[in-house]
Amino acid sequence: MIVVDTEYVDLATSTGPMRTHIVRPAAPGRYPGILLFSEIFQVTAPIHRTAVQLAGHGYIVAVPEVYHEYEPAGTVLKYDQEGSDRGNVLKTTKPVPAYDDDARAALAHLAERPDCTGRLGVMGICMGGHLAFRAAMSPNVHGAVCFYATDIHKGGLGEGMKDNSMARAGEIKGELLMVWGRQDPHIPTEGRMKVLERLNEVGTRLNWHEVNGAHAFLRDEGVRYDPDLARSMFGLALDLFHRTIAVGA
């Protein structure tokens with residue numbers, strides 16, 4: 001068993017300091033880094049537990065507060081209608097370049113840490129899956145995992161809801177794992193197929209999994225949680241990180 005520690009750093013970005021949660025093995029050493037993007041609710045207890053699981057397998061995990069420009073440091077939105085409404089408003093208020101700058105800042109922090117090997121991966125859930133997809137366009141990202149990434153198929157991220165994620169998909173050079181729930185109303189079949197067609201078109205090193213689960217099946221809180229699917233799909237995520245950023249690190 002690996003014991004983990006949690007710390008906080010405030011990273012400089014173009015839109016102000018970004019509180020970033022760092023979860024890492026407590027034992028001295030150098031570990032690969034994973035940038036973990038949350039849902040629209042920021043760093044909730046389930047997101048923190050996801051970071052702890054990753055760290056427990058020998059990774060340094062950085063989890064930024066994605067709405068740091070709009071909410072005080074440490075803000076967590078609740079898993080209720082009010083929290084959902086606030087998160088969705090901010091999702092399309094924040095400009096896409098600001099999301100990208102956040103990713104660059106977090107990846108640079110991981111790469112520069114003396115306890116990091118410099119081998120980097122990204123993972124994200126819901127909106128965070130879309131942010132991880134974009135962060136994977138960085139040439140120093142060797143592995144990326146996106147759980148039910150919202151809005152890629154319709155270009156709906158950020159201010160103006162006109163992101164260019166599909167157009168830039170060819171910039172993803174590392175290995176990519178996309179996981180979807182077939183009963184997820186946010187990403188219908190035609191939307192998933194649009195993303196799949198584009199990734200095949202640009203020759204992505206792609207792993208594609210669709211499961212019989214609802215949106216948020218990975219979140220270990222609430223009625224949509226599916227522990228069997230969460231266990232098996234999280235295992236696939238670990239497999240990808242082990243072979244892309246841990247082996248030979």
*Judged by modelled atom types alone, do T244 and E175 share a side-chain donor-acceptor pair under 3.5 Å?*
no
*Under-4.0 Å salt bridge between R113 and D115*: yes
*Taking the side chain from K154 and the backbone from K162, do they hold a donor-acceptor pair closer than 3.5 Å?*
no
_Side chain Q183, main chain G213, donor-acceptor under 3.5 Å_ = yes
*Is E65 reaching over with its side chain to a backbone N or O of A73, donor-acceptor style, under 3.5 angstrom?*
no
*Between the side chains of T20 and H109, is a donor N or O closer than 3.5 angstrom to an acceptor N or O?*
no
_Tell me every residue that passes ring pair (Phe, Tyr, Trp, His ring centres under 6.0 Å) with Y148, counting only those two or more places apart in sequence or in another chain._
H215, F217
*Please confirm whether R119 makes a cation-pi placement over F241, using NZ or CZ under 6.0 Å from the six-membered ring centre and within 45° of the ring normal.*
no
*Under 3.5 Å, side chain of R24 to main-chain N/O of D5, donor-acceptor pair present?*
no
*asked:* Is it true that T44 and Y79 share a donor-acceptor pair across their side chains at a distance under 3.5 Å?
replied: yes
*Going by atom types only, do R134 and S165 share a side-chain donor-acceptor pair under 3.5 Å?*
yes
*asked:* If hydrophobic clusters are built from ILVMFWY residues whose side chains come within less than 4.5 Å, do V9 and V76 share one?
replied: no
*Ion pair present between R198 and E201, side-chain N to carboxylate O less than 4.0 angstrom?*
yes
*Please answer whether the main-chain N or O of P72 pairs with a side-chain N or O of T75 as donor and acceptor at a distance below 3.5 Å.*
yes
_Please check: side-chain N/O of T93 versus main-chain N/O of V89, any donor-acceptor pairing under 3.5 Å?_
yes
_Side-chain donor/acceptor of D80 to backbone N/O of G83, under 3.5 Å_ = yes
*List for me each residue that meets ring pair (Phe, Tyr, Trp, His ring centres under 6.0 Å) alongside Y8, sequence neighbours excluded, and say none if there are none.*
H21
_Side-chain donor-acceptor contact under 3.5 Å, D102 with H68_ = yes
*Determine yes or no for a side-chain-to-main-chain donor-acceptor pair under 3.5 angstrom, with D10 supplying the side chain and P17 the backbone.*
no
Pairs under 3.5 angstrom only: tabulate donor-acceptor contacts from the side chains of residues 227-236 to other protein residues two or more places apart or in another chain.
{"from": "S232", "atom 1": "OG", "to": "D228", "atom 2": "O", "distance (Å)": "3.2"}
{"from": "S232", "atom 1": "OG", "to": "L229", "atom 2": "O", "distance (Å)": "3.1"}

_Main chain of P139, side chain of K173: is a donor-acceptor contact present, judged purely on distance under 3.5 Å?_
no
_Test: D151 and K91 ion pair at under 4.0 Å_ = yes
*Derivation and outcome, ring pair (Phe, Tyr, Trp, His ring centres under 6.0 Å), residues H130 and F147*: CA-CA 9 Å; H130 193 158; F147 280 94; over 10 Å; no
_E69 and R19 ion-paired at < 4.0 Å_ = no
